[in-house]
Amino acid sequence: MNRLVILGTGTAGTMIANKLRHRLEQDEWSITVVDRDDEHHYQPGYLFVPFGGYTHEQVVRSRRAFLADGVDFVVGSVERVEPDEDVVLLESGQMLPYDQLVIATGTTPRPDQTPGMLGPEWRRSIFDFYTLEGAEALAEALSRFESGRLVVHITEMPIKCPVAPLEFTFLAEAWLRERGIRDRVEVVYVTPLDGAFTQPVASAHLGGMLEERKVHVETDFMVERIDTEQRMLVSYDEREIPFDLLVTVPLNMGADFLAASGLGDELNYVRVDKHTQLSRQFDNIFAIGDASDIPASKAGSVAHFSVDIFVGNFLEHIAGLPMTGAFDGHANCFVESGHDKALLIDFNYDTEPLPGKYPFPVVGPMDLLKETRTNHLGKLAFRWIYWNVLLPGRPVPLPALMSMAGKHIPTSEHETKEA
Ligand SMILES: Cc1cc2nc3c(=O)[nH]c(=O)nc-3n(C[C@H](O)[C@H](O)[C@H](O)COP(=O)(O)OP(=O)(O)OC[C@H]3O[C@@H](n4cnc5c(N)ncnc54)[C@H](O)[C@@H]3O)c2cc1C
């Protein structure tokens with residue numbers, strides 16, 4: 001019997017287990033998945049929790065309930081992988097030997113890594129929405145917030161869902177307006193990037209949207225510490241940004257056990273080939289989803305598209321054949337912009353988000369880099385698709401690799417902003 005062990009039963013781990021269970025003979029391959037608990041969170045739903053959009057029950061389900069028959073689920077925390085021995089050690093002392101290992105342990109917000117963040121103001125005037133508890137605590141704080149400086153802050157890149165802090169800012173701005181207190185609140189967006197987003201066309205477009213909403217943007221801000229007495233973000237170049245309510249995205253890091261196992265880079269991301277996601281050190285270890293160091297967005301959509309490519313490659317790999325699939329870094333993200341509208345961006349390693357139509361040229365029905373109600377409905381529908389189609393490993397009728405069909409390259413600065 002061959003043993004496939006998958007670490008992490010989040011978006012990528014669940015899809016992989018379910019898809020491979022249908023492709024690998026039960027009497028030839030066992031599949032074991034490991035996670036700390038039995039709570040699967042729909043993380044994109046966290047964005048709406050601070051505004052009363054989703055309840056706890058709408059974003060949390062049992063992990064086990066989503067796993068196909070014939071997949072073994074082990075509840076436990078991974079302590080270490082011993083890649084030379086082909087064995088995983090859990091904190092409980094349990095050992096899981098493997099023939100093939102998939103690391104899908106994602107990335108986690110680490111407020112402990114910034115001095116002052118976890119100090120006395122944590123969950124008093126400093127909040128995050130990258131955890132469910134954080135988003136729920138922020139909902140409470142926002143309901144009491146009447147006036148002052150609301151600062152939305154990214155500690156460092158990469159973070160999962162890099163558009164989520166922008167979405168939060170757009171939603172907060174719209175929400176303040178709807179409550180009739182927008183003129184009493186100064187909204188500031190603080191980023192370590194040199195613009196609103198990572199890529200020129202999208203950055204200019206999203207930056208223009210912040211400008212329209214009178215959100216001040218502080219760029220190139222590398223936070224050194226948070227002064228909790230003065231309630232200020234302080235950067236390495238000694239800029240100070242005071243806040244009354246700080247909504248921060250803490251440093252994101254891969255799991256600590258990856259450093260302990262000699263498999264991680266300086267942020268604990270697994271070094272892999274960016275097309276096959278096979279470890280650059282070990283021929284029987286893959287890393288899929290946010291856990292890897294591929295230069296793509298850390299996003300559920302990337303996990304989904306890369307799993308589609310990975311499954312074919314994995315079957316070839318275990319048959320001793322060369323892997324013929326090459327993942328292109330395809331990401332596809334809705335960007336909520338407030339007032340029941342959203343944008344959609346679609347890009348990959350080589351092509352930045354461009355305007356146009358998706359998935360079909362001319363007819364869409366989605367518009368790229370443009371605020372529409374259809375995109376917003378797409379974002380809301382995604383929760384149903386996630387639970388009912390993606391996680392069970394059912395096919396989604398979207399190509400895994402990015403297509404240029406329907407996209408066009410803006411030719412002027414004006415067109416870029418108007419895209
Ligand atoms: C606020 C927010 C909004 C988002 N919005 C979007 C969006 O609109 N679109 C989009 O595509 N993506 C979005 N994402 C990102 C998306 O949720 C992640 O990119 C996706 O879940 C990554 O899947 P993964 O399987 O790599 O990691 P995860 O789904 O995070 O799973 C990792 C799993 O590993 C487990 N694990 C970690 N360490 C250990 C250990 N030591 N032992 C045992 N188990 C361990 C964890 O418990 C977890 O279950 C959003 C994320 C957030 C936080």
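Everything numeric here is computed off the predicted structure, so don't read it as measured data. Just so you know, ligand 1 is whichever comes first in the structure, and atom 1 is the first atom listed for that ligand.
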Do the rings of [X] and [Y] sit parallel, tilted or perpendicular, given the 30° and 60° boundaries?
X	Y	result
F310	F286	perpendicular
Y386	Y42	tilted
F305	H330	parallel

Side-chain donor-acceptor contact under 3.5 Å, H216 with E186: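 No donor-acceptor contact under 3.5 Å links the two side chains.
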Short side-chain donor-acceptor distance under 3.5 Å, Y269 and T107: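 Short answer, yes.
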Identify, by atom number and element, the atoms of ligand 1 in contact range of [X], meaning under 4.0 Å from any of its heavy atoms.
X	answer
D290	18 (C), 19 (O), 20 (C), 22 (C), 26 (O)
G289	26 (O)
F257	41 (N)
K298	19 (O)
K379	8 (O)
R63	47 (O), 49 (O)
V78	40 (C), 41 (N), 42 (N), 43 (C)

SB check [X] [Y] (cutoff 4.0 Å):
X	Y	answer
R149	E218	no
D128	R123	yes
R63	D38	no
R21	D69	no

How far is [atom] from its nearest protein heavy atom, and which residue and atom is that?
atom	value
atom 24 (P) of ligand 1	A12 N, 4.0 Å
atom 45 (C) of ligand 1	T105 CG2, 3.7 Å
atom 38 (N) of ligand 1	R36 NH2, 3.2 Å
atom 5 (N) of ligand 1	C161 SG, 3.2 Å
atom 23 (O) of ligand 1	T11 CB, 3.4 Å
atom 30 (O) of ligand 1	Q43 NE2, 3.0 Å
atom 27 (O) of ligand 1	G106 CA, 3.5 Å
atom 16 (C) of ligand 1	G300 N, 3.5 Å

Part of A104 with heavy atoms under 4.0 Å of ligand 1, whether side chain, backbone, both or neither: backbone
4.0 Å heavy-atom contact, [X] with ligand 1:
X	result
H40	no
E167	no
C333	no
G76	yes

Test salt bridge (charged side-chain N to carboxylate O under 4.0 Å, His left out) applied to D293 and R271, R280, K298, K274, the passing residue: R280
Criterion salt bridge (charged side-chain N to carboxylate O under 4.0 Å, His left out) against D367, the qualifying member of R373, K407, K357: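 So the option named by the test is K357.
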Contact check: A303 vs ligand 1, nitrogen or oxygen atoms, below 3.5 angstrom: no
N332, any N or O under 3.5 Å of ligand 1 N or O: no
Test side-chain hydrogen bond (donor to acceptor under 3.5 Å, both in side chains) applied to H153 and T114, T248, T191, the passing residue: T248
Chi angles and distances behind the side chain to side chain donor-acceptor pair (under 3.5 Å) call for N268, D256: CA-CA 7 Å; N268 299 345; D256 283 340; 3.3 Å; yes
D35, L7, T14: member with heavy atom nearest to atom 33 (C) of ligand 1: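 Result: the heavy atom closest to atom 33 (C) of ligand 1 is in D35.
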Pairwise distance CZ(F168) to SG(C161) - rounded to 0.5 angstrom: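 Going from CZ on F168 over to SG on C161, the span is 13.5 Å.
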